[in-house]
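A quick write-up on the structure given underneath.
The analysis underlying the following values was restricted to heavy atoms, covering all of them including side chains, and did not include hydrogens, waters or symmetry mates. Start at 1 and go down the list; that is how both ligands and their atoms are numbered. All values reported here derive from a predicted model rather than from experimental measurement.
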Amino acid sequence: MAPLATGFDSGHSIESARRALAARLQSAGIEEPALDARLLVGAALRLDLTGIVTQAARQLTPEEAARLEAYAQRRLAHEPVARILGAREFWGLPFQLSEATLVPRPDTETVVELALEIFREATISGPRPRIADIGTGSGAILLALLHEIPDAFGVGTDLSLSALNTARSNAAALGLAGRSGFVACSYAAALRGPFDLIVSNPPYIPSGEIPKLSLDVREHDPHLALDGGNDGYDAYRALIPQAAERLAPGGALIVEAGQGQARDIETLMTAAALSVDRPPRADLAGIPRAVSARKMPS
Ligand code: GLN
């Protein structure tokens, strides 16, 4: 039987299914149709890229075709691939996601890079550096840092218990459960410190702009992790003074900034008696993305 024009069946080879899916995604205006098609075919068939290439000519089984068609329908309805797979790579590490967690973005790796740069050049005191991640979500930033700094200990906070469960199970899967803890609270309210590094990717989208975000984001990322209030700065106004109180002398706060927000964030940091001693770090698109300040030893 010839493959149907839409929908997958066992008349498709892996290669023809991948191409047909890419074409369907493209005509629906999905941004990266070829990449998404490859990821979804890989997931539906439980194959990595090598498997997709080496088995390209084999026919789909009926189960594989049905699974792929279900994934295709979800992506065509603008559900992000990371949500369909329930997982996303960040900093080269695998992270499970849940409805309560933001999909970790490549932009956010800029925060990890800047935190590591500051950590490695500063004389952070003591043998066991302490890290806090405010609004940890899936745990991505905290766990990437713990992965890079082998003797560090870290705590992640979140308002969402569900996000904290996801972060905890990511920590366990990455072998980091023994060096991490997760606490439900508003920003850093339940933490005492002192911390050598405090990091955060807080919600920073002005409320009025949320309806203008892409469908993939506004319908699938938790608004608690996106909505920064009227002007987008509510979270920064709350967390920067809390972080300043909880930093060790010489410690640093590193936060993600939305587009165009870096300068005002630096102003808030300075107002909290932190010292902005370097320019923001740009993401791959050239947008100042990670903003930092240090607590000067008194
Ligand atoms: N970077 C995310 C976006 O643009 C927003 C994440 C956040 O508010 N921290 O969709």
Every pair of nitrogen or oxygen atoms between ligand 1 and the protein that is under 3.5 angstrom apart - can you list them with their distances to 0.1 Å?
unit_1: ligand 1; atom_1: 1 (N); unit_2: Y204; atom_2: OH; d: 2.9
unit_1: ligand 1; atom_1: 8 (O); unit_2: Y204; atom_2: N; d: 3.1
unit_1: ligand 1; atom_1: 8 (O); unit_2: A225; atom_2: O; d: 3.4
unit_1: ligand 1; atom_1: 9 (N); unit_2: N201; atom_2: OD1; d: 2.8
unit_1: ligand 1; atom_1: 9 (N); unit_2: P202; atom_2: O; d: 2.6
unit_1: ligand 1; atom_1: 10 (O); unit_2: R105; atom_2: NH2; d: 2.8

Just distance, no hydrogens or angles: give the donor-acceptor pairs under 3.5 Å from side chains in residues 31-38, sequence neighbours left out.
unit_1: D36; atom_1: OD2; unit_2: R75; atom_2: NE; d: 2.9
unit_1: D36; atom_1: OD2; unit_2: R75; atom_2: NH2; d: 3.2

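Taking R263 as the reference, nothing meets the side-chain contact (heavy atoms from CB on, under 4.5 Å) condition, with sequence neighbours excluded.
Clustering of Ile, Leu, Val, Met, Phe, Trp and Tyr by side-chain heavy atoms under 4.5 Å joins L49 with V53.
Note on E256 versus R105: no salt bridge recorded, every NZ/NE/NH1/NH2 to OD/OE distance being 4.0 Å or above.
Residue G258 comes nearest to Y236 through the heavy atom pair N-OH, 3.8 Å, listed as atom of the first residue, atom of the second, then distance.
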Handout entry: Residue pair W91, L145: steps toward the side-chain contact (heavy atoms from CB on, under 4.5 Å) verdict
Key = CA-CA 9 Å; W91 200 259; L145 289 171; over 6 Å; no
